[in-house]
K.L.:
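Starting off with a structure, shown below.
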Protein chains: 2
Amino acid sequence: MAKKQSQKDLTTEEKIKEAASKVFQKKGFSGTRTRDIAEEAGLNLALINYYFRSKQKLFEIIMAEKLSSFFMDFIPLLLSEDSSPEEKVRLVSENYINLLLENPDLPVFVMSAVHNNPKHFANIVKGAELIQDAPLVAQLKKINPNMKFEHFFMNLMALCIFPFIIRPAISLISKPIRKNFETLMQERIELIPMWMQQMVKQK
Amino acid sequence: MAKKQSQKDLTTEEKIKEAASKVFQKKGFSGTRTRDIAEEAGLNLALINYYFRSKQKLFEIIMAEKLSSFFMDFIPLLLSEDSSPEEKVRLVSENYINLLLENPDLPVFVMSAVHNNPKHFANIVKGAELIQDAPLVAQLKKINPNMKFEHFFMNLMALCIFPFIIRPAISLISKPIRKNFETLMQERIELIPMWMQQMVKQK
DNA sequence: GTCTATACAAAGATAGAC
DNA sequence: GTCTATCTTTGTATAGAC
């Protein structure tokens, strides 16, 4: 009944996805050979084509899953009734930045995949519609009736995620600024809620 | 003497770069076949290999150029002595957003290229070092001695660029929010300077 | 020095045996 | 469901015409 199985006792299909996810994230789409995935999974090359129609399809399936959890995870946080806007923003920043610190390549990986195939965003639209009626929107409107919540959400995401996208640059520059990337992001966990609060109050 | 030539009177090398830039932006690196580029340029396939060593090299050269102008263009704006921080931020937002509205795929294109090959950022480091000593930093410190300028620059970039990265999602969602992407970005040209000003004042 | 035609090799996809 | 052998596409290299 349970699809979850212990370590080595995975379906062939799951083994492929596991291996593919690993190799894709390390080498990108074009850098990955289906032969690499087969080897990583300890399986025959042809099985990849048997279970998934093509390298592209396999990639898209993995993307859709990653993307889904990537955006969906924070929707419950925003939907909560009994926390203040400040608390919600703080929760989102903290959870996201910590999640991304553990998977720093995820944003670029996901974003470029989506760019090549926007339909991956299909699931996300539902999430966006949920947010429209979230208590948070009402709470924000109460603080500032002019608040434009589409900018609010976009800015919150931007401030959390964008640094990971330009991380290669930050690492290069981090010598002059004498701070490593992780430290910078830890600071932002504290700073983002404050910035967001200012934004809401304004105008 | 002038390397710039009119329309159809381009060097073979320039024709290839022109065509490649177009096709790469449309189809991404792996989606582009060297044969597509040759066809787009109206040239023989082998010329790509003759002028540039490989598809990869050609891609990197185009990337380096795009990236360079992408980040370098706004450094002079920040270096100016005789404008206020507010004016500088306003100029950067306006110029960038308008530039990107004309090349909306550029950010994802550049970002994923850089992600695959961080050395493309080499030129940018120089720019970052220039910024360290920019009058703007002094101006900001005067307003708020605690201002962390690395966050300031990162936030300014994030607020301008990030929306373009998630543009496919915004387009899907734009039905519920009844605004198209361009309108949203025009609003941001006005809003970003205000948000940034709040950030500087705070703490 | 430029360009055309063609050959070659790597890698994704598939047919068919088991 | 899995594997072997094969086909096809595509990046790369070369030989030779102009």
Side-chain angles (χ1 to χ4, degrees), chain A residues 1-64 109 112-113 116-117 120, chain B residues 1-64 109 112-113 116-117 120:
Chain A
M1 180 168 282
K3 269 284 176 185
K4 275 275 183 243
Q5 285 156 337
S6 67
Q7 269 308 74
K8 285 289 172 190
D9 198 20
L10 296 166
T11 313
T12 301
E13 191 175 335
E14 291 169 326
K15 278 187 205 160
I16 294 172
K17 275 165 68 174
E18 200 82 5
S21 172
K22 201 166 160 183
V23 183
F24 277 138
Q25 264 190 80
K26 197 160 122 200
K27 303 189 180 184
F29 180 76
S30 62
T32 298
R33 298 173 310 143
T34 50
R35 285 162 172 85
D36 294 336
I37 297 171
E39 193 182 348
E40 173 72 34
L43 295 167
N44 185 281
L45 169 63
L47 290 173
I48 292 171
N49 223 268
Y50 175 76
Y51 281 100
F52 308 88
R53 231 177 61 90
S54 67
K55 179 186 174 183
Q56 183 66 37
K57 277 274 173 220
L58 171 57
F59 185 73
E60 285 174 12
I61 285 166
I62 292 171
M63 269 313 85
F109 187 53
S112 67
N116 291 331
N117 214 332
H120 289 146
Chain B
M1 180 167 283
K3 268 284 176 187
K4 275 276 182 241
Q5 287 155 338
S6 67
Q7 270 306 76
K8 286 290 172 189
D9 198 19
L10 296 167
T11 311
T12 301
E13 193 175 333
E14 289 169 328
K15 278 187 204 161
I16 293 172
K17 274 167 69 174
E18 200 83 4
S21 173
K22 202 167 162 182
V23 183
F24 277 138
Q25 264 190 81
K26 198 161 121 199
K27 304 189 179 182
F29 180 76
S30 62
T32 298
R33 298 173 310 143
T34 50
R35 283 160 173 86
D36 293 336
I37 296 171
E39 194 182 348
E40 173 73 34
L43 294 167
N44 186 281
L45 171 62
L47 290 174
I48 292 169
N49 222 268
Y50 176 74
Y51 283 100
F52 307 88
R53 231 176 61 90
S54 67
K55 179 186 175 185
Q56 183 66 38
K57 277 275 173 222
L58 171 57
F59 186 74
E60 285 174 12
I61 285 165
I62 292 171
M63 267 314 83
F109 184 55
S112 66
N116 291 331
N117 213 332
H120 289 145

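Throughout, a chain's letter reflects where its sequence line sits, starting with A, and its residues are numbered from 1. This one's a predicted model, so the numbers in the text were calculated from it and none came from an experiment.
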K.L.:
Whole Å only: how far is the NZ atom of Lys55(B) from the C1' atom of dT10(D)?
P.N.:
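Distance check: Lys55(B) NZ to dT10(D) C1' gives 8 Å.
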K.L.:
From OH of Tyr51(B) over to P of dA13(D), roughly how many Å is that when rounded to an integer?
P.N.:
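For the pair Tyr51(B) OH and dA13(D) P, the rounded distance is 17 Å.
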K.L.:
Is the distance from OP1 or OP2 of dG11(D) to the nearest side-chain N or O of Ser54(B) less than 4.0 Å?
P.N.:
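No.
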K.L.:
Evaluate the side-chain proximity of Asp36(A) to Lys27(A): yes if any heavy-atom separation is below 4.5 Å, no if none is.
P.N.:
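Heavy-atom side-chain distance check passes, below 4.5 Å.
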K.L.:
With the side chain counted from C-beta on, respond yes when Lys26(B) and Thr32(B) share a heavy-atom pair under 4.5 Å apart, and no when they do not.
P.N.:
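Not touching, per the 4.5 Å side-chain cut-off.
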K.L.:
Mind calculating the distance between NZ (Lys27(B)) and C1' (dG11(D)) to the nearest angstrom?
P.N.:
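Distance check: Lys27(B) NZ to dG11(D) C1' gives 15 Å.
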K.L.:
Does OP1 or OP2 of dT2(D) have a side-chain N or O of Thr12(A) closer than 4.0 Å?
P.N.:
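So the side-chain polar atoms of Thr12(A) do come within 4.0 Å of the phosphate oxygens OP1 or OP2 of dT2(D), strictly under.
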K.L.:
Rounded to the nearest Å, what distance is computed from the CD atom of residue Gln56(A) to the C1' atom of nucleotide dT9(D)?
P.N.:
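After rounding, the reported distance stands at 15 Å.
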K.L.:
Identify the residue among Ile16(B), Leu47(B), Thr34(B) that makes a side-chain contact (heavy atoms from CB on, under 4.5 Å) with Phe52(B).
P.N.:
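Between Phe52(B) and the candidates, side-chain contact (heavy atoms from CB on, under 4.5 Å) is satisfied uniquely by Ile16(B).
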K.L.:
Quick check: closest heavy atoms across Ile37(A) and Ala19(A), and the distance to 0.1 Å?
P.N.:
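Taking Ile37(A) first and Ala19(A) second, the nearest heavy atoms are O-CB, 3.8 Å.
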K.L.:
Please check: side-chain N/O of Thr11(A) versus main-chain N/O of Glu14(A), any donor-acceptor pairing under 3.5 Å?
P.N.:
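Flag not set: sc Thr11(A) to bb Glu14(A) has no pair under 3.5 Å.
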K.L.:
Roughly, in whole Å, what's the span from CD in Glu14(B) to P in dT2(C)?
P.N.:
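Spelled out: CD on Glu14(B) to P on dT2(C) is 13 Å.
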K.L.:
In whole Å, what is the span from the CZ atom of Arg53(A) to the C1' atom of dA15(C)?
P.N.:
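My rounded result for the distance is 15 Å.
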K.L.:
Which pairs count as side-chain hydrogen bond (donor to acceptor under 3.5 Å, both in side chains) when at least one residue sits in residues 37-53 of chain B, sequence neighbours excluded?
P.N.:
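Qualifying pairs: Lys22(B)-Glu40(B).
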K.L.:
Indicate whether OP1 or OP2 belonging to dT2(C) is found under 4.0 Å from a side-chain N or O atom of Tyr50(B).
P.N.:
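Yes, within the criterion.
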K.L.:
Keeping to residues at least two apart or across chains, list the ring-ring contact (aromatic ring centres under 6.0 Å, His included) pairs with something in residues 15-41 of chain A.
P.N.:
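Listed once each, the pairs are Phe24(A)-Phe29(A), Phe24(A)-Phe59(A), Phe29(A)-Phe59(A).
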K.L.:
Starting from P on dA13(C), measure out to CZ on Arg35(A) and report it in whole angstrom.
P.N.:
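About 10 Å, once rounded to whole Å.
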K.L.:
Residues of residues 37-49 of chain B with any non-hydrogen atom less than 4.0 angstrom from an atom of DNA chain D: list those, numerically ordered, please.
P.N.:
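Those residues are Leu45(B), Ala46(B), Asn49(B).
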K.L.:
Whole-Å distance between dG12(C) C1' and Glu60(A) CD?
P.N.:
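These atoms are roughly 15 Å apart.
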